[in-house]
Amino acid sequence: MIRRTYHPTQRFLHWTIFLLILIGFPLGLIMVERDYNPVTDVMYTLHWSIGLTVLALMIARVASRFAFTAPKPAAVLTGWQRTLSHLVHVGLYVMLFVVPILGWLGKSAYGAGAQGINVFYLFHVPVLLEKDEDLAETLLFAHEIASKVFLVLLILHVAGALYHAFVKRDGVVGRMGIGKRVAEPEA
């Protein structure tokens with residue numbers, strides 16, 4: 001039998017990561033514009049926690065990709081749409097690793113203290129680098145640039161989903177568990 005939708009585990013990971021990004025991305029934008037105070041400190045801790053959680057969930061997501069595979073590209077997609085969709089998905093996967101790793105490295109080099117990086121006030125993850133504020137600034141700048149690249153890819157991904165959901169109404173988004181899935185011919 002040919003899989004036409006993503007496995008429930010894949011859908012769960014997709015939407016959980018998306019929700020975490022909806023919280024973590026704006027939090028990152030807001031916290032860097034604020035004067036440092038106890039509220040900002042909580043914002044930083046939540047941002048780091050969300051980033052490290054996304055990284056862990058992405059490891060699970062890649063594992064689930066191997067365990068359950070993915071459905072073949074929707075038959076309704078044209079050649080250029082398949083290519084663009086593939087490139088955007090690969091870019092999203094790469095950036096969902098690169099962005100949190102750069103953040104972890106940057107925070108490590110900035111100095112996370114003897115305990116490491118606080119995750120949701122529950123536990124700490126170790127620092128990966130010795131304290132080096134110049135290196136930290138470089139890594140955190142790279143984290144910011146990678147975040148912007150990720151945002152562009154996310155906008156393309158969401159735009160494609162909205163196009164298929166509301167313009168084409170072809171059931172492509174139903175593969176990830178949203179909306180009505182339209183029966184499609186074999187690819």
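We're numbering straight along the sequence, starting at 1.
In the hydrophobic clustering of this structure, Val94 groups with Ile101; members are Ile, Leu, Val, Met, Phe, Trp, Tyr whose side-chain heavy atoms approach within less than 4.5 Å, directly or through other members. Criterion: ILVMFWY side-chain heavy atoms under 4.5 Å apart, direct or through other members. Under it, Val167 and Leu84 are not part of a common hydrophobic cluster. Put simply, Val125 and Val42 are part of the same group of oily side chains (I, L, V, M, F, W, Y) that touch within less than 4.5 Å, one to the next. In terms of hydrophobic clustering, with Ile, Leu, Val, Met, Phe, Trp and Tyr side chains grouped at heavy-atom distances under 4.5 Å, Met95 and Val90 are assigned to a common cluster. Follow the hydrophobic side-chain contacts under 4.5 Å out from Leu57 and you reach Tyr6 in the same cluster.
Counting heavy atoms of neighbouring residues, nucleotides and ligands inside a 6.0 Å radius, atom CZ of Phe97 exceeds 12 of them. Enclosure of atom CZ in Phe66 is not indicated, since only 12 or fewer non-hydrogen atoms of other residues, nucleotides or ligands lie within 6.0 angstrom. Counting non-hydrogen atoms of other residues, nucleotides and ligands closer than 6.0 Å to NE2 of His86 gives a total of 12 or fewer. Atom OH of Tyr44 is surrounded by more than 12 heavy atoms from other residues, nucleotides or ligands within 6.0 Å. No more than 12 heavy-atom neighbours from other residues, nucleotides or ligands sit within 6.0 angstrom of CD on Glu130.
Of the inter-residue distances, the one linking Ile50 atom CD1 with Thr45 atom OG1 reads 11.0 Å to the nearest 0.5 angstrom. For the atom pair NZ (Lys107) and NE2 (His47), the distance works out to 11.5 Å, reported to the nearest 0.5 Å. Here OG1 of Thr53 is found 10.0 Å from CG of Leu46. Values are rounded to the nearest 0.5 Å. In this structure, CG in Leu140 is found 12.0 Å from CD1 in Ile145, a value given to the nearest 0.5 Å. Atoms NE2 and CZ, on His157 and Phe18 in that order, are 8.0 Å from each other to the nearest 0.5 Å. Taking CG from Leu154 and OG from Ser147, the interatomic distance works out to 11.5 Å, rounded to the nearest 0.5 Å.
Met43 is not listed as a side-chain neighbour of Trp48, based on a closest heavy-atom distance of 4.5 Å or more. Proximity of Val149 to Val98: side-chain heavy atoms (C-beta onward) are nowhere separated by under 4.5 Å. Residues Ile21 and Leu96 have side chains in contact (heavy-atom distance under 4.5 Å, counting atoms from C-beta outward). You'll find the side chain of Trp104 reaches within 4.5 Å of the side chain of Ser108, heavy atoms only. Contact annotation: the side chain of Phe166 never approaches that of Val173 to less than 4.5 Å [non-hydrogen atoms, C-beta and beyond]. By the 4.5 Å heavy-atom criterion applied to side chains, Pro71 and Thr5 are not counted as neighbours. Two residues are said to be in side-chain contact when any heavy atoms from C-beta on lie closer than 4.5 Å; Arg61 and Ile17 meet this criterion. The side-chain heavy atoms of Arg65 and Tyr93, taken from C-beta on, include a pair separated by under 4.5 Å.
Between the side chain of Ser49 and the main chain of Phe120, a donor-acceptor pair closer than 3.5 Å is present. Under a 3.5 Å cut-off, the side chain of Glu144 and the backbone N or O of Phe141 do not form any donor-acceptor pair. Between the side chain of Thr138 and the backbone N or O of Asp134, at least one donor-acceptor pair lies under 3.5 Å. Formation of a donor-acceptor pair under 3.5 Å by the His143 side chain with backbone atoms of Val99 is found in this model.
Summarising the geometry of Gly106 relative to Ala136, their closest heavy-atom pair is O-CB, 3.6 Å, with the distance given to 0.1 Å. When all heavy atoms of Val88 and Leu153 are compared, the pair lying nearest together is CG1-O, 3.6 Å. The shortest non-hydrogen separation linking Pro100 to Gly51 is CB-O, 3.4 Å.
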Could you walk me through whether Arg169 and His164 pass the side-chain contact (heavy atoms from CB on, under 4.5 Å) test, one step at a time? CA-CA 5 Å; Arg169 297 177 188 247; His164 284 285; over 6 Å; no
Can Val119 and His124 be said to form a side-chain contact (heavy atoms from CB on, under 4.5 Å), step by step? CA-CA 6 Å; Val119 179; His124 293 82; over 6 Å; no
Run the numbers on Tyr110 and Lys131 for side-chain contact (heavy atoms from CB on, under 4.5 Å), then give the verdict. CA-CA 6 Å; Tyr110 205 76; Lys131 186 173 181 172; over 6 Å; no
Before giving the answer on side-chain contact (heavy atoms from CB on, under 4.5 Å), spell out for Leu139 and Leu129 the whole-Å C-alpha distance, their side-chain angles and the decisive distance to 0.1 Å. CA-CA 11 Å; Leu139 289 166; Leu129 300 169; 3.7 Å; yes
Show every donor-acceptor pair shorter than 3.5 Å between a side-chain atom in residues 26-36 and any protein atom, with sequence neighbours excluded, or say none if there are none.
unit_1	atom_1	unit_2	atom_2	d
Arg34	NE	Thr40	OG1	3.2
Tyr36	OH	Asp41	OD1	2.4

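Under the side chain to side chain donor-acceptor pair (under 3.5 Å) criterion, the residue pairs touching residues 9-28 are His7-Thr9, with sequence neighbours excluded.
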